Amino acid sequence: MECCSTGTPDPVKGRRNYTYMDAVRALLGPKHVLISGIMQYSMLWGIMIGFTITTAISTATIKRSACFHEKGANAKCKVSGNSYMLAFGALEILLSQFPNLEKAKGTIKVAMAGEDLATSTKIWQVFQALGNIAFSYTYSMLLLEIQSPQAENKAMKRVTLYAIGGTALFYTSLGCMGYAAFGADVPGNYLTGFYKPLWLVDIANLAVIIHLIVGYQVFAQTIFAMNEKSLATRWQAHGSFFNKIYTVRLQCKQDYSFQFTPSRLLLRTGFVIFTTLVAMMFPFFNAILGLLGSISFWPLTVYFPLNMYMVQANIKRGDSTWIMFQVLSLLCLVVSLVSVIGSVAGMLEHLKHAQLFHINL
């Protein structure tokens, strides 16, 4: 939407909206800011939890494939993912202290699958899949934070078009191939279902790990910035300690310096530790991500952007465009609601077998 990549009220000369909440406040008023902020940052935090779990699963899968390679395909290769979650959390603590990102260089029918499954189970799984797809489309909450400084009202339109088209094609293909390969037994993480050829599966899992290590910071930095901005005013009286910039110099072949503030060190480290602990407590990530995507998809990706666009474009109630947007919004709301139902059903099913702080492959 144009409103998500331009200024207010004019897309070229208007005041720049630097965050999603800024755009909501400017175009829809302050009464919508609280609910949009809660949903946005809950979703970002949920993504961080999902990335932690997915990275652990991909790392454990590499370890497990090595076991199969050494002991044979019929060997019992049980691998725990808890240690990998801790390692991932430790790495993200280190990365969280780096400068902010802008300063860094650098014909398959589901109903026919699984003859032994109850119809209700198939329906819940389809609804949960819709939630996972919706989760992948909630890019709008980060669009303002990461947009390009050059001709945003034009450049971000093209980026959005390409991103939506590419994502739709990718997930449609992935879903079809997954059911073609596994039927109703398709795993939440496709790569856990393949072990041959071992080298190819390992490369794929390694690519996922590298992607998630960096992607984690894309979502985390937005939360960090919000927390540090809100707490900076509260800690003004203690500014001599919490907000003071300290510099550590490292003597190697070249002189390197690392700057930090106690507030950044304490807050970011504590938040990553808490996120890692929550991820270890709830390892059934697919249903959780589906639920988060379902809840946030309609308001963050459809309702708020559509209404902001209509305010900026001066679309009147009752116009043909207004009616079309209302129909689109209603359809997306139905998708969100049925996805919530499927995700909750999936979580309840997982709770029958899941153990806290216990993830095994």
Side-chain angles (χ1 to χ4, degrees), residues 1-9 14-50 127 130-147 156 160 218-234 271 274-275 278 282 287-313 315 317 322 325-344 347:
M1 293 301 172
E2 184 176 330
C3 67
C4 293
S5 59
T6 59
T8 303
R15 182 181 62 84
R16 164 76 180 270
N17 294 314
Y18 288 91
T19 67
Y20 190 97
M21 292 174 66
D22 285 347
V24 172
R25 182 182 290 106
L27 291 164
L28 300 182
K31 65 180 181 179
H32 293 89
V33 174
L34 179 61
I35 186 67
S36 67
I38 292 174
M39 288 188 174
Q40 178 188 9
Y41 289 102
S42 297
M43 183 67 176
L44 294 174
W45 183 52
I47 292 173
M48 293 168 63
I49 296 174
F127 288 172
L130 287 175
N132 286 319
I133 294 173
F135 175 86
S136 304
Y137 279 97
T138 50
Y139 66 94
S140 57
M141 67 184 120
L142 280 178
L143 186 60
L144 296 175
E145 281 84 350
I146 64 175
Q147 60 186 317
M156 297 312 293
T160 300
V218 173
F219 297 96
Q221 292 286 341
T222 301
I223 298 179
F224 294 155
M226 184 271 295
N227 287 334
E228 290 164 9
K229 181 179 179 181
S230 61
L231 292 176
T233 54
R234 301 183 184 181
F271 191 81
F274 179 63
T275 300
V278 173
F282 304 102
I288 293 178
L289 294 188
L291 181 61
L292 289 171
S294 304
I295 293 174
S296 62
F297 171 69
W298 179 71
L300 293 181
T301 308
V302 181
Y303 177 78
F304 286 125
L306 280 180
N307 280 275
M308 286 189 286
Y309 176 79
M310 287 190 289
V311 169
Q312 191 178 60
I315 297 175
R317 179 184 295 268
W322 182 89
F325 282 167
Q326 298 308 312
V327 172
L328 174 62
S329 180
L330 179 61
L331 291 176
C332 292
L333 176 60
V334 172
V335 171
S336 282
L337 291 177
V338 297
S339 300
V340 167
I341 296 173
S343 299
V344 171
M347 289 182 65

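This one's a predicted model, so the numbers in the text were calculated from it and none came from an experiment.
Remark: Leu337 CG to Ile295 CD1 distance equals 10.5 Å, nearest 0.5 Å. Between the CD atom of Gln326 and the CG atom of Leu330 there is a distance of 9.0 Å, given to the nearest 0.5 Å. The distance from atom CH2 of Trp322 to atom CG of Leu306, rounded to the nearest 0.5 Å, is 12.0 Å. One finds the CE atom of Met226 at 10.5 Å from the OG1 atom of Thr19 (value rounded to the nearest 0.5 Å). Expressed to the nearest 0.5 Å, how far OG1 of Thr222 lies from CE of Met48 amounts to 10.0 Å. Atom CG of Leu34 is separated from atom CE of Met39 by 10.5 Å, given to the nearest 0.5 angstrom.
Nearest heavy-atom pair, Gly37 versus Met21, reported as atom, atom and distance to 0.1 Å: CA-SD, 3.6 Å. Heavy-atom minimum distance, Leu44 versus Phe219: CD2-CD2, 3.3 Å. Shortest non-hydrogen contact noted between Leu27 and Met308 is CD1-CB, 3.6 Å. For Pro305 against Tyr20, the heavy-atom pair with the smallest separation is CD-OH, 3.5 Å. Smallest separation of non-hydrogen atoms from Ile223 and Trp45: CD1-N, 3.6 Å. Leu28 and Val311 make their closest contact through CD2-CG2, 4.0 Å (heavy atoms, listed as atom of the first residue, atom of the second, distance).
The ring-ring contact (aromatic ring centres under 6.0 Å, His included) check on Phe224 picks up nothing, with sequence neighbours excluded.
Ring geometry for Trp298 against Tyr303 counts as tilted: the plane angle lies between 30° and 60°, on a 0 to 90° scale.
Remark: the backbone N or O of Phe271 is paired with a side-chain donor or acceptor of Thr275 at under 3.5 angstrom. Side-chain atoms of Ser36 come within 3.5 Å of backbone N or O of Val33 as a donor-acceptor pair.
Under the 4.5 Å side-chain criterion, counting only non-hydrogen atoms from C-beta, Phe304 is in contact with Ile35.
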